[in-house]
Amino acid sequence: MSIQQTDVLYTAVATAENGRDGRVATDDGRLDVVVNPPKEMGGSGAGTNPEQLFAAGYSACFQGALGVVARQEKVDVSGATVTAKVGIGKNDDGFGIIVEISAAIPAVDPETARALLEKAHQVCPYSKATRGNISVTLL
């Protein structure tokens with residue numbers, strides 16, 4: 001279910017110049033980075049790229065969702081890390097992305113960890129936004 005404009009608590013604003021081979025910055029100046037295509041896509045690889053930025057945002061958001069579901073389940077996930085791998089490749093429409101999410105949860109058995117990942121995937125806003133649009137695999 002989508003939210004309404006009146007439900008918005010925060011809005012991030014970023015502006016790109018020259019697309020994948022330029023610069024992207026937020027309106028508050030906290031993020032201001034050079035973006036370049038990776039060498040694997042024929043670019044210089046000198047700066048960051050949209051896939052790295054998406055992976056960073058998705059992993060942070062997913063870790064937050066993991067914390068929420070862990071608190072609900074009364075499970076200690078301190079020391080946990082979440083890694084998002086975002087791949088880009090050609091598809092029928094030009095290009096598409098694919099995501100793999102993995103987590104290391106030191107104090108939790110594998111079965112509990114898997115259940116927490118599944119639940120986090122249901123509540124994470126990034127997971128909700130991508131559901132049905134791109135392949136997201138939980139590892």
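Just the heavy atoms: all of them, side chains too, but no hydrogens, waters or symmetry mates, feed the values below. Every value quoted in this text rests on a predicted model; they were computed, and no experiment measured them.
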Colleague: Taking salt bridge (Lys or Arg N to Asp or Glu O under 4.0 Å) as the test, write out the residues that go with Arg131, two or more places apart.
Modeller: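 If we apply the salt bridge (Lys or Arg N to Asp or Glu O under 4.0 Å) test to Arg131, skipping adjacent residues, there are no hits.
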
Colleague: Does anything in residues 67-97 form a ring-ring contact (aromatic ring centres under 6.0 Å, His included)? List the pairs, not counting sequence neighbours.
Modeller: none

Colleague: Which pairs, with at least one residue in residues 61-84 and sequence neighbours excluded, count as a ring-ring contact (aromatic ring centres under 6.0 Å, His included)?
Modeller: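 Every candidate ring-ring contact (aromatic ring centres under 6.0 Å, His included) pair involving residues 61-84 fails, so no pair, neighbours aside, qualifies.
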
Colleague: Which residue pairs satisfy the salt bridge (Lys or Arg N to Asp or Glu O under 4.0 Å) criterion with at least one member in residues 58-74, sequence neighbours excluded?
Modeller: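 Output for this query lists Glu73-Lys119.
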
Colleague: With distance as the sole test, does Gln63 use its side chain to make a donor-acceptor pair with the main-chain N or O of Ala80 at under 3.5 Å?
Modeller: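 Answer holds: yes.
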
Colleague: Please round to the nearest 0.5 Å and tell me the distance separating atom CD1 of Ile98 and atom CD1 of Ile88.
Modeller: 12.0 Å

Colleague: Of the non-hydrogen atoms in Cys61 and Cys124, which two are nearest, and what is the gap between them?
Modeller: SG-SG, 3.6 Å

Colleague: Can you see which heavy atom on Thr26 is nearest to which on Asp28, and at what distance?
Modeller: OG1-OD1, 2.7 Å

Colleague: Looking at residues at least two apart in the chain, or sitting in another chain, which of them share a side chain to side chain contact (heavy atoms under 4.5 Å, CB included) with Val123?
Modeller: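 Once residues adjacent in sequence are excluded, the partners of Val123 under the side chain to side chain contact (heavy atoms under 4.5 Å, CB included) criterion are Ala65, Val69.
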
Colleague: Looking at residues at least two apart in the chain, or sitting in another chain, which of them share a ring-ring contact (aromatic ring centres under 6.0 Å, His included) with Tyr58?
Modeller: Phe54, Tyr126

Colleague: Can you pull out every side chain to side chain donor-acceptor pair (under 3.5 Å) where at least one residue sits in residues 76-86? Sequence neighbours excluded, please.
Modeller: Asp76-Ser78

Colleague: Check the hydrophobic clustering (I, L, V, M, F, W, Y; side-chain heavy atoms under 4.5 Å; chains of links allowed) and say if Ile101 and Val75 are grouped together.
Modeller: yes

Colleague: Please enumerate all residues that pass side-chain hydrogen bond (donor to acceptor under 3.5 Å, both in side chains) together with Ser102, with sequence neighbours excluded.
Modeller: none

Colleague: Distance from Leu117 atom CG to Ile105 atom CD1, nearest 0.5 Å?
Modeller: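 The CG atom of Leu117 sits 5.0 Å away from the CD1 atom of Ile105.
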
Colleague: So does Ala25 get a backbone contact from the side chain of Asp32, meaning a donor-acceptor N/O pair under 3.5 Å?
Modeller: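 Side chain of Asp32 to backbone of Ala25: no pair is present.
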
Colleague: Flag yes if Ile134 and Val82 sit in one hydrophobic cluster, no otherwise; membership is Ile, Leu, Val, Met, Phe, Trp, Tyr, and two members link when side-chain heavy atoms are under 4.5 Å apart.
Modeller: yes

Colleague: With clusters defined by side-chain heavy atoms of hydrophobic residues (ILVMFWY) lying less than 4.5 Å apart, directly or transitively, does Val77 cluster with Leu138?
Modeller: yes

Colleague: Output every pair passing side chain to side chain donor-acceptor pair (under 3.5 Å) with a member in residues 3-19, not counting sequence neighbours, ordered by first then second residue.
Modeller: Glu17-Arg23

Colleague: Any non-hydrogen side-chain atom of Gln72 less than 4.5 Å from a side-chain atom of Val68?
Modeller: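 With C-beta onward as the side chain, the pair touches.
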
Colleague: Could you state whether Val86 and Val24 fall into the same hydrophobic cluster, counting links through intermediate Ile, Leu, Val, Met, Phe, Trp or Tyr residues with side-chain heavy atoms under 4.5 angstrom apart?
Modeller: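 Val86 and Val24: separate clusters.
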
Colleague: Listing request: all salt bridge (Lys or Arg N to Asp or Glu O under 4.0 Å) pairs with a residue in residues 43-52, at least two apart in sequence or in separate chains.
Modeller: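 Every pair satisfying salt bridge (Lys or Arg N to Asp or Glu O under 4.0 Å) with a residue in residues 43-52: Arg20-Glu51.
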
Colleague: Would a hydrophobic clustering, with Ile, Leu, Val, Met, Phe, Trp and Tyr connected at side-chain separations under 4.5 Å, put Val136 with Leu53?
Modeller: no

Colleague: Applying salt bridge (Lys or Arg N to Asp or Glu O under 4.0 Å), can you list everything that pairs with Asp21, at least two apart in sequence or on another chain?
Modeller: none

Colleague: Sorted by first residue and then second, give each salt bridge (Lys or Arg N to Asp or Glu O under 4.0 Å) pair with at least one member in residues 88-117; sequence neighbours left out.
Modeller: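 Qualifying pairs, neighbours excluded: Arg114-Glu118.
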
Colleague: Using only atom types and a distance under 3.5 Å, with no angle test, would you say the side chain of Gln52 pairs donor to acceptor with the backbone of Asn49?
Modeller: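 Side chain of Gln52 to backbone of Asn49, a donor-acceptor pair under 3.5 Å: yes, one is there.
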
